[in-house]
*Asks:* 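Could you have a look at this structure, given as structure tokens, before my questions?
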There are 2 protein chains.
Amino acid sequence: MGQGMSKSNNVYKDAYNRCLRLLDETRSLPSEPELGALLGVSRTTVRSILARMEETGLIAWNKRAKTVLRDPHPDDFFPEEETDTLAEIIERSFMRRLLAGGAEAGMQINELELAREIGVGTTSVREFLIRFSRFGLIEKRRNSHWVLKGFTRAFALELTEIREMFELRSAAAFTALPQDSPVWGDLDRLEGEHRVLAREIATRFNEFSELDERLHRLIHRASRNRFIVDFYDVIAMIFHYHYQWNKAQERERNEVAIGEHLAYIEALKSRDLGKVDAACRRHLKSARQTLLTSIPESRPPQKS
Amino acid sequence: MGQGMSKSNNVYKDAYNRCLRLLDETRSLPSEPELGALLGVSRTTVRSILARMEETGLIAWNKRAKTVLRDPHPDDFFPEEETDTLAEIIERSFMRRLLAGGAEAGMQINELELAREIGVGTTSVREFLIRFSRFGLIEKRRNSHWVLKGFTRAFALELTEIREMFELRSAAAFTALPQDSPVWGDLDRLEGEHRVLAREIATRFNEFSELDERLHRLIHRASRNRFIVDFYDVIAMIFHYHYQWNKAQERERNEVAIGEHLAYIEALKSRDLGKVDAACRRHLKSARQTLLTSIPESRPPQKS
DNA sequence: CTAATGTCTTTTATCGTGAAAAAACAGTTT
DNA sequence: AAACTGTTTTTTCACGATAAAAGACATTAG
């Protein structure tokens, strides 16, 4: 099916699904521009959504009046997999191959083959590879193919080295922020969420990764340096797949991490540079350890 | 002209030009694979080159025998501008616009317009923007346009902050390299070239930038960290355009920088961490100053 | 007269296509 | 038989075209 397909309408489908969830809460929808702002899409997309909602009898739509007629049914939703960006699909597919073994370092990456395998055009794959190259896992040979550098121990060490450098500096900058900065409020809120999660860790341990990212991003932002802030994308991406990949002792690991986070937050609030430094180092060290244990040990260099 | 053009043959033209320069030195050319390795292109391209050289009477070509018949004439060469990569063309064009003023921060970037203006396809522009985004000068709005962040004072400060962090660490790693590492030889050679240039600074001052890049890259490589090494691309790119842009007191600036480099090299050779740190800091501080003075002062934020 | 809706235009995202260049394969020469 | 040349196949690079989505403009409602 669909061989001449030019562009998927995932933006529309995703926004439609999110709009459906809104329906439960109100008896009538707001204006088109307002809805657009709420869903993060243009009015054009909003109108497509409204048109379909009218068609399927979810709402009655006449100019400004958008009255909800019935609650959404499970199969009013578009299937999850149709709401993903092409970039997400390609990334997932690529990472699956990379982590599922058989992906030796030095192996060459074939754009055409990847594109065919995933069922997308070569342009999209090319653009993905260019974007992905900043993560340091692949490299381009001048006017030739891409080469896989591999998700190795060396990679993890290089990544964490930078991470530690950046985060120590950001954490120090954090303590220097004025008392009336909104970050202190954000920090308090995060602390609260950590405490709640710590209490319910038995059932909700998998919600930690999201909290982890939010805390570290808040701290990195204090550096006010775009290169430091952007670098967190690399870390986030790696940890995202790492969490999915390594489920061993997830609960215990997250429980420990929450404890470290709380100590870290405490240190930040004390504004004592020495304490901050110590708490930050302690947490990053254990994060590095966790990452390293999930990577298969590489053979020591052979003497021939 | 050329509206259905699919791919320029700049690889061929550039390699052809470089091959012409080889002709002066020998009476006959080596084998096809050897020539390919020498020029950094595939044998397919080598054969195209040889075919044309035969056509234009530069060589007689019969299987293994490739005898040079005459010296190349200036108009045997392809014009310089036809040997550039599309990526180079787009980058130059883009940077010219950016530096030539009128490029306010926050301005939106239009792919189609850029493509038309430069006379290339939209795909190439898109791929360029994706690649270029890692330099921190532009940013993408989710499923919408690109936004220019501007070549501002803030940018220069953020860039140099990272640079200083990375280079101090690399320089420290450098001193820890074993005595038999080839870097010490490289360093000696660079020192020699610096001394020669220092002597002939009056006429050759514009050759400094290349030397500068080679020294700093050598040092950064000692970090053995791909993120640090790759980050030098950002620095190199910025300084490349900065050198073209700001010609004021170029000779004096470069003379000072050579002095700093020599002191820096001396410190590295002494393997004294304290000296290295001091020399590195001194040089980076003046490099930052040079960069900052070339950026027009931004107005302080208005109170309204 | 402001803020919405209705309509039209522009821009982005993605594909298939074809030429340039690389790479693989097959046949020769020394 | 090792290394080269001749030939064929693959892969990368760049384009124009087209649907999705954004954005601009014109019109109308409150």
*Asks:* Does A:S8 reach a base, just sugar-phosphate, or nothing at all? Heavy atoms under 4.0 Å.
*Replies:* sugar-phosphate
*Asks:* Is atom CZ of A:R21 surrounded by more than 12 heavy atoms (other residues, nucleotides or ligands) closer than 6.0 Å?
*Replies:* yes
*Asks:* To the nearest Å, how far apart are B:E111 CD and C:dT12 P?
*Replies:*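 Rounded to the whole Å, the gap is 5 Å.
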*Asks:* Using modelled atom types and a 3.5 Å cut-off, is there a donor and acceptor pairing between side-chain atoms of A:K140 and backbone atoms of A:S144?
*Replies:* yes
*Asks:* Atom CD of B:E32 to atom C1' of C:dA23: distance rounded to whole Å?
*Replies:* 14 Å
*Asks:* In this structure, which one of B:W146, B:Y241, B:F128 forms a ring pair (Phe, Tyr, Trp, His ring centres under 6.0 Å) with B:F94?
*Replies:*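 With B:F94 as partner, ring pair (Phe, Tyr, Trp, His ring centres under 6.0 Å) holds for just one option, B:F128.
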*Asks:* Closest to the A:W61 side chain: D:dA21, C:dG6, C:dA19?
*Replies:* C:dG6
*Asks:* Distance check: side-chain N/O of B:K140 vs OP1/OP2 of C:dT11, anything under 4.0 Å?
*Replies:*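 No, no such contact exists.
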*Asks:* If you draw a 6.0 Å radius around CZ in B:R217, do more than 12 non-hydrogen atoms from other residues or ligands fall strictly inside?
*Replies:*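 It does: B:R217 CZ has more than 12 such atoms within range.
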*Asks:* May I have the distance from A:D84 (atom CG) to C:dA13 (atom C1'), rounded to whole angstrom?
*Replies:*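 Taking CG of A:D84 and C1' of C:dA13, I get 16 Å after rounding.
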*Asks:* Can you tell me whether the side chain of A:T44 and the base of D:dG23 have a donor-acceptor pair closer than 3.5 Å?
*Replies:* yes
*Asks:* Closer than 4.0 Å, any side-chain N/O of A:S124 to the OP1 or OP2 of C:dC15?
*Replies:*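 Answer yes for this pair, as a side-chain N or O of A:S124 is under 4.0 Å from OP1 or OP2.
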*Asks:* Atom CZ of B:R43 to atom P of D:dA3: distance rounded to whole Å?
*Replies:*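 B:R43 atom CZ is separated from D:dA3 atom P by 14 Å.
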*Asks:* In this structure, how many angstroms lie between the C1' atom of D:dC4 and the NZ atom of B:K66, rounded?
*Replies:* 8 Å
*Asks:* Using OP1 and OP2 only, check whether a side-chain N or O of B:N143 sits under 4.0 Å from C:dT11.
*Replies:* no
*Asks:* Distance check needed: C:dA13 P versus B:I130 CD1, whole Å only.
*Replies:* 9 Å
*Asks:* Going by an N to O cut-off under 4.0 Å, is there a salt bridge joining B:R52 and B:D76?
*Replies:* no
*Asks:* Rounded to the nearest Å, what distance is computed from the CD1 atom of residue A:I89 to the P atom of nucleotide C:dA13?
*Replies:*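 Rounded to whole Å, this separation is 15 Å.
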*Asks:* From C:dT5, C:dA20, C:dA22, pick the nucleotide closest to the side chain of B:T45?
*Replies:*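 Nearest nucleotide to the side chain: C:dA22.
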*Asks:* Does A:E81, at its CD atom, have more than 12 non-hydrogen atoms belonging to other residues, nucleotides or ligands within less than 6.0 Å?
*Replies:*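 Yes.
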*Asks:* Counting only side-chain N and O atoms of B:K7, is one of them less than 4.0 Å from OP1 or OP2 of D:dG16?
*Replies:*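 Checking D:dG16 against B:K7, no side-chain N or O comes under 4.0 Å of OP1 or OP2.
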*Asks:* What is the distance, rounded to the nearest whole Å, between atom CD1 of B:I109 and atom C1' of C:dT11?
*Replies:*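 Taking CD1 of B:I109 and C1' of C:dT11, I get 14 Å after rounding.
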*Asks:* B:Q108 or A:R126: which one's nearest nucleotide on DNA chain D is closer to the 5' end?
*Replies:* A:R126
*Asks:* Which residue, B:R64 or B:N10, contacts DNA chain C at a nucleotide closer to its 5' end, judged by nearest heavy atom?
*Replies:*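 Taking each residue's closest nucleotide, the earlier one in sequence belongs to B:N10.
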*Asks:* Is B:S42 near enough to C:dA22 that one of its side-chain N or O atoms lies under 4.0 angstrom from OP1 or OP2?
*Replies:* yes
*Asks:* Under 4.0 Å: is that the gap between some side-chain N or O of A:R47 and OP1 or OP2 of C:dT5?
*Replies:*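 A:R47 to C:dT5 OP1/OP2: no side-chain N or O under 4.0 Å.
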*Asks:* In terms of side-chain heavy atoms of B:T122, which of D:dA17, D:dT7, D:dC13 is nearest?
*Replies:*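 Nucleotide nearest to B:T122's side chain: D:dA17.
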*Asks:* Please state whether the phosphate of C:dT11, meaning OP1 or OP2, lies under 4.0 angstrom from any side-chain nitrogen or oxygen of B:N110.
*Replies:* yes
*Asks:* For DNA chain D, whose closest nucleotide is more 5', that of A:Y12 or that of A:S144?
*Replies:* A:S144
*Asks:* Hey, which of these two, A:S31 or B:H145, hits DNA chain C nearer its 5' end, going by closest nucleotide?
*Replies:*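 Looking at DNA chain C, the more 5' nearest nucleotide goes with A:S31.
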